[in-house]
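For reference, the structure I am asking about is given below.
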Amino acid sequence: MLDGPSITAALIRSDITHVVWIPDSELGTWDAALSAEKRLTLLRVCREGEAFALAAGLHLGGKKPIVMIQCTGLFEAGDALRNVLHDMNLPLFMVVGVRSYYLHQQGKTADTCPIFAEPIMRAWQIPYVVLDKNHSADDLAAAIQQSHAAKRAGAVLIAE
Amino acid sequence: MLMTQRQALEVVLARRGERIVVTTMSSAGLWPQLSQSPLDFAYIPSAMGHAPSLGLGLALAQPEHGVIVLNGDGCALMSLGNLVTLAHHPARIYVVILDNGQYEVTGGQAHAGVGHVDYAMIARGAGIKRTYAFATLAEWQAGAREALSGVGPVVIHLKVEALPNQKTPKAPCPMSEQIRRLQEALGV
């Protein structure tokens, strides 16, 4: 189950120091747990491109940030993402909520977010895994730790 | 008479102390002529408009150093929301907006709002308590000590001369080398 307390614990286990985010309705349910955890600093930004640049600065300064955003923000933040992951080559990890993922699978939505989320990740050459209702925060921790061990960027897409 | 960008940066140089200096666009071409500190970081190639956000991350990670960001007016306009973010997460960050009234490195085209944008007022409206605006070199020289010290965030608006026939500046060394040098200087 991907709830706030288990996600927060997974981030601590993965040595994450800062969460840079703009929540969506799913990620937003983690706010209270993330805010309450003293070993993490939750940094709220105004636009997703900022999140990647802010996380890059934290990384340059020796911290281990993670970016949490919705896929709509991922689409908006393409240039910042490209710069941080490919120009600067920083091994940044991100959690991206995919709006309408389940409804799209059932053919019950006109929302185009799920159509483009995974192709965009592949276009930006970001290794990713999709976490759905059958996954737990342990799977998030595993993905983060795998990314850190390989010193490369990575992502999980949260099915919403 | 407007100050030149080089004159504006010379004042910054005299006051930077041990702070990290993040440069972008026009300032990234000029700053290496004045300083070769390992605490200099030319944000090139960049994501346009995001130098203050990068600087905020560095300032939060390295509070003992603090960060000066040398931004352009065109860059500032591309991500005004980051002023709100700066206000929300107080840190030792000093954002200097070098306002030449144009997109200089693309050939000098005007940007939206040229001539009537009050960056200090926008910053205050975003919640940044310490803002400054200087229109001449004499004013900047007189005010820099106060503006570039004390608690952050600080936003400083400088009116500067535009340089004709500029090209996109190149970083003084590859990004990987810049990162290695900066992190080595920071001990991380």
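Within every chain, numbering begins at 1; the chains are lettered A, B, ... in the order of the sequence lines, protein sequences first and strands thereafter.
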Determine, using the 4.5 Å side-chain heavy-atom cutoff (strictly less than), whether A:Leu140 and A:Leu42 are members of one ILVMFWY cluster. yes
Sort B:Ser79 into side chain, backbone, both or neither according to what part of it lies under 4.5 angstrom from a heavy atom of chain A. side chain
Give me the atom names and distance for the closest heavy-atom approach of A:Asn83 to B:Pro45. ND2-O, 2.8 Å
Say whether A:Leu11 and A:Phe52 are linked into one hydrophobic cluster, either directly or through other cluster members, by side-chain heavy-atom distances under 4.5 angstrom. no
Determine the minimum heavy-atom distance between B:His89 and A:Arg44, stating which atoms define it. NE2-O, 2.9 Å
Return the option, out of B:Met175, B:Gln178, B:His50, with the maximum number of heavy-atom pairs under 4.5 Å with chain A. B:His50
To the nearest 0.5 Å, tell me how far B:Leu60 CG sits from A:Leu43 CG. 6.0 Å
Within this structure, what is the CG-OG distance for the pair A:Leu58 and B:Ser53, rounded to the nearest 0.5 Å? 10.5 Å
State plainly whether one hydrophobic cluster holds both A:Leu157 and A:Leu27, where clusters connect Ile, Leu, Val, Met, Phe, Trp and Tyr through side-chain heavy atoms under 4.5 angstrom apart. no
With a 4.5 angstrom heavy-atom cut-off, is it the side chain or the backbone of A:Leu90 that approaches chain B, or both, or neither? side chain
Among residues at least two apart in sequence or on other chains, which ones pass side chain to side chain donor-acceptor pair (under 3.5 Å) with A:Asp15? none
Is it possible for you to say whether A:Leu40 and A:Trp21 belong to one hydrophobic cluster, with membership spreading through side-chain heavy-atom contacts below 4.5 Å? yes
Which one of B:Leu186, B:Leu54, B:Val188 satisfies the side-chain contact (heavy atoms from CB on, under 4.5 Å) criterion with A:Leu60? B:Leu54
If two hydrophobic side chains count as joined below 4.5 Å and joins carry through other members, does B:Met48 share a cluster with B:Leu77? no
Look at atom CZ of B:Arg180 and say whether more than 12 heavy atoms of other residues, nucleotides or ligands are closer to it than 6.0 Å. yes
Under 4.5 Å from a heavy atom of chain B, the part of A:Arg47 involved: neither
Does B:Gly57 offer a backbone N or O that forms a donor-acceptor pair with the side chain of A:His59 under 3.5 Å? no
Neighbour count >12 (heavy atoms, 6.0 Å) for atom CD, A:Gln105: yes
Would B:Asn82 and A:Glu50 count as a side-chain contact (heavy atoms from CB on, under 4.5 Å) if you check the C-alpha gap in whole Å, the side-chain angles of each, and the deciding distance to 0.1 Å? CA-CA 7 Å; B:Asn82 66 34; A:Glu50 280 183 58; 3.7 Å; yes
Can you tell me which portion of A:Asp87 sits under 4.5 Å from chain B's heavy atoms? Options are side chain, backbone, both or neither. both
